[in-house]
Amino acid sequence: LMADCPMVATIESECYTRDIGGLPKLFPHQKRILNHMFKPVNGRFRYTTFVISMIKKSGKTALATWLTYAFARLYGGEMYSVANDERHAKRRMFSRLEENLKYMKEKDPELFNKVMDGEDKVRKERIVYGETIRFANDNQPNMGPHDVNYLAVDYAGEAGAMNALVVYDEIWGITSERAERLWTELPPLPAVTACPVSIRLVTTYAGFYGESDLLYGLYDRVVKPDPHTEEPQGNRVPGLEDLPVFVSDDGSTIVYWDHEPRMPWHTLEYLSQQKNDPTLRPSEYKRLWENRWSTGSEAFLDMDVVRQAMDAGREMGLVNNFASLMK
């Protein structure tokens, strides 16, 4: 077996996670995908944009947190957790990272002291200082602070940033022109001395046709769904043909877009409970639990339900007076 790439090895050896009570153990399909995605070539990644899209309760936020931690440890620089509003930007990946570092301090204080910036002793107590988590920069001392920040959609405020990593959570909700400009303002940077590695990471569900234009543009360009069958026609990754991983024609973007329930807790019983939830419309079930695109507009009652009600009415002798009046 080939050795894991540095990002995967760091996740499994250092990413203490309170939710699981220790270090994570990636599932085999996750390791295969991440080892391909993040295997460095001549000190850089072969891709600059990474999209990870899976069904609900597949651990997308945890994965984004682990990847951010590993990136901070191995590469560093300016790192951002981005979402539609400040609350969402802070409480998702950023808060998970903060909580995991607190847990690391309990379980492995020696590693914690090595990982966190030692110049500001306050950080060792508070973890977060202002809007920043600051990592030690022993690996890349020329890059300055290794900071993870959270920010809401405010493209004007981040123009000119030297972003090494930008993590977008649930990008399907980014629908405004202002939000799309942030994507434009924080592209992966070319190789420069101040920022030798620069990437962006997207973790998300499917979105809504006609609304989630930024995400659909990525999906359409890389996955290339057939307009009639929606079957993917994109470029498959050699060696990963059994998994839904696709690469853009220019080789810059890699997309893992999965419809399958691959986690042990995705049992038939559990998924059946979600499907039969009376508050969840069929289209929303497909979006969340099958990771398929939705129109966002459908009848409140499924037509099967309507037909059943009409049949029951006829059996009871009910008359459609409206239909009679129209004759």
Side-chain angles (χ1 to χ4, degrees), residues 5-11 14-15 33-34 36-41 43-53 60-83 88-90 92-98 100-101 115-117 127-128 131-155 157-171 174 182-204 214 218 252-256:
C5 73
M7 291 278 283
V8 169
T10 300
I11 287 173
E14 294 190 12
C15 284
I33 294 168
L34 296 181
H36 172 80
M37 282 183 166
F38 295 102
K39 181 181 179 180
V41 178
R44 295 179 61 83
F45 297 131
R46 69 187 84 190
Y47 309 108
T48 55
T49 299
F50 302 76
V51 179
I52 296 176
S53 185
K60 292 189 297 296
T61 302
L63 204 54
T65 304
W66 298 337
L67 288 169
T68 300
Y69 172 88
F71 188 96
R73 287 283 286 137
L74 296 169
Y75 304 99
E78 295 180 26
M79 295 161 280
Y80 297 93
S81 170
V82 180
H88 190 183
K90 181 179 180 181
R92 299 285 290 179
M93 184 275 285
F94 187 91
S95 292
R96 290 278 191 95
L97 180 59
E98 177 187 7
N100 287 353
L101 287 167
V115 167
M116 299 303 290
D117 176 36
I127 311 297
V128 176
E131 299 178 355
T132 299
I133 298 174
R134 175 160 291 177
F135 286 77
N137 63 347
D138 298 337
N139 293 336
Q140 301 282 352
N142 295 329
M143 290 180 63
H146 290 0
D147 289 350
V148 180
N149 304 277
Y150 64 88
L151 56 95
V153 172
D154 183 9
Y155 77 95
E158 297 305 322
M162 293 297 292
N163 46 285
L165 172 67
V166 184
V167 181
Y168 294 87
D169 185 49
E170 301 300 353
I171 199 175
I174 294 182
L182 177 64
W183 178 269
T184 304
E185 287 289 350
L186 295 176
L189 302 176
V192 293
T193 303
C195 192
V197 177
S198 179
I199 63 173
R200 56 188 170 196
L201 170 66
V202 175
T203 57
T204 187
L214 177 59
L218 285 168
S252 66
T253 302
I254 186 165
V255 174
Y256 167 46

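Keep in mind the model is a prediction, meaning the values are calculated, not measured.
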**Student:** When you measure from the side chain of Thr49 to the backbone of Arg200, do you find a donor-acceptor pair of N or O atoms at a distance under 3.5 Å?
**Tutor:** no
**Student:** Measure across Lys60 and Thr203 and return the closest heavy-atom pair with its distance rounded to 0.1 Å.
**Tutor:** O-CG2, 4.0 Å
**Student:** Do Tyr168 and Thr204 come close enough that some side-chain heavy atom pair is under 4.5 Å?
**Tutor:** no
**Student:** Does any non-hydrogen side-chain atom of Leu67 lie less than 4.5 Å from one of Ile52?
**Tutor:** yes
**Student:** Can the ring centroids of Tyr47 and His36 be said to lie less than 6.0 angstrom from one another?
**Tutor:** yes
**Student:** Is there side-chain contact between Val166 and Glu78, with heavy atoms separated by less than 4.5 Å?
**Tutor:** no
**Student:** Test side-chain contact (heavy atoms from CB on, under 4.5 Å) on Leu165 and Thr68; report intermediate values, then the result.
**Tutor:** CA-CA 8 Å; Leu165 172 67; Thr68 300; 4.0 Å; yes
**Student:** Within a strict 4.5 Å, meaning less than it, do heavy atoms of the Val8 and Phe38 side chains meet?
**Tutor:** no
**Student:** Taking the side chain as every heavy atom from C-beta outward, state whether Pro188 and Phe45 have any atom pair closer than 4.5 Å.
**Tutor:** no
**Student:** Would you name the heavy atoms of Val115 and Arg73 that are closest together and state the gap between them?
**Tutor:** CG2-NE, 3.5 Å
**Student:** Do Val167 and Phe71 touch side chain to side chain, with heavy atoms closer than 4.5 Å?
**Tutor:** no
**Student:** Report yes if the side chains of Leu34 and Leu63 come closer than 4.5 Å at any heavy-atom pair, otherwise no.
**Tutor:** yes
**Student:** Report the C-alpha distance between Tyr150 and Glu98 in whole Å, list the side-chain angles of each, state the deciding distance to 0.1 Å, and finish with yes or no for side-chain contact (heavy atoms from CB on, under 4.5 Å).
**Tutor:** CA-CA 12 Å; Tyr150 64 88; Glu98 177 187 7; over 6 Å; no
**Student:** Drop me the distance from Phe135's CZ to Met79's CE, to the nearest 0.5 angstrom.
**Tutor:** 6.5 Å
**Student:** Compare all side-chain heavy atoms of Asp169 with those of Met93 and state whether any distance is below 4.5 angstrom.
**Tutor:** no
**Student:** Please report the interatomic distance CD1(Ile171) to CG(Leu201), rounded to the nearest 0.5 Å.
**Tutor:** 10.0 Å
**Student:** Identify the residue among Val148, Thr10, Asn100 that makes a side-chain contact (heavy atoms from CB on, under 4.5 Å) with Tyr69.
**Tutor:** Thr10
**Student:** Indicate the atoms forming the closest heavy-atom contact of Ala164 with Gly76, along with that distance.
**Tutor:** CB-O, 3.2 Å
**Student:** Pro187 and Asn163: which non-hydrogen atoms are nearest, and at how many Å?
**Tutor:** O-ND2, 2.9 Å
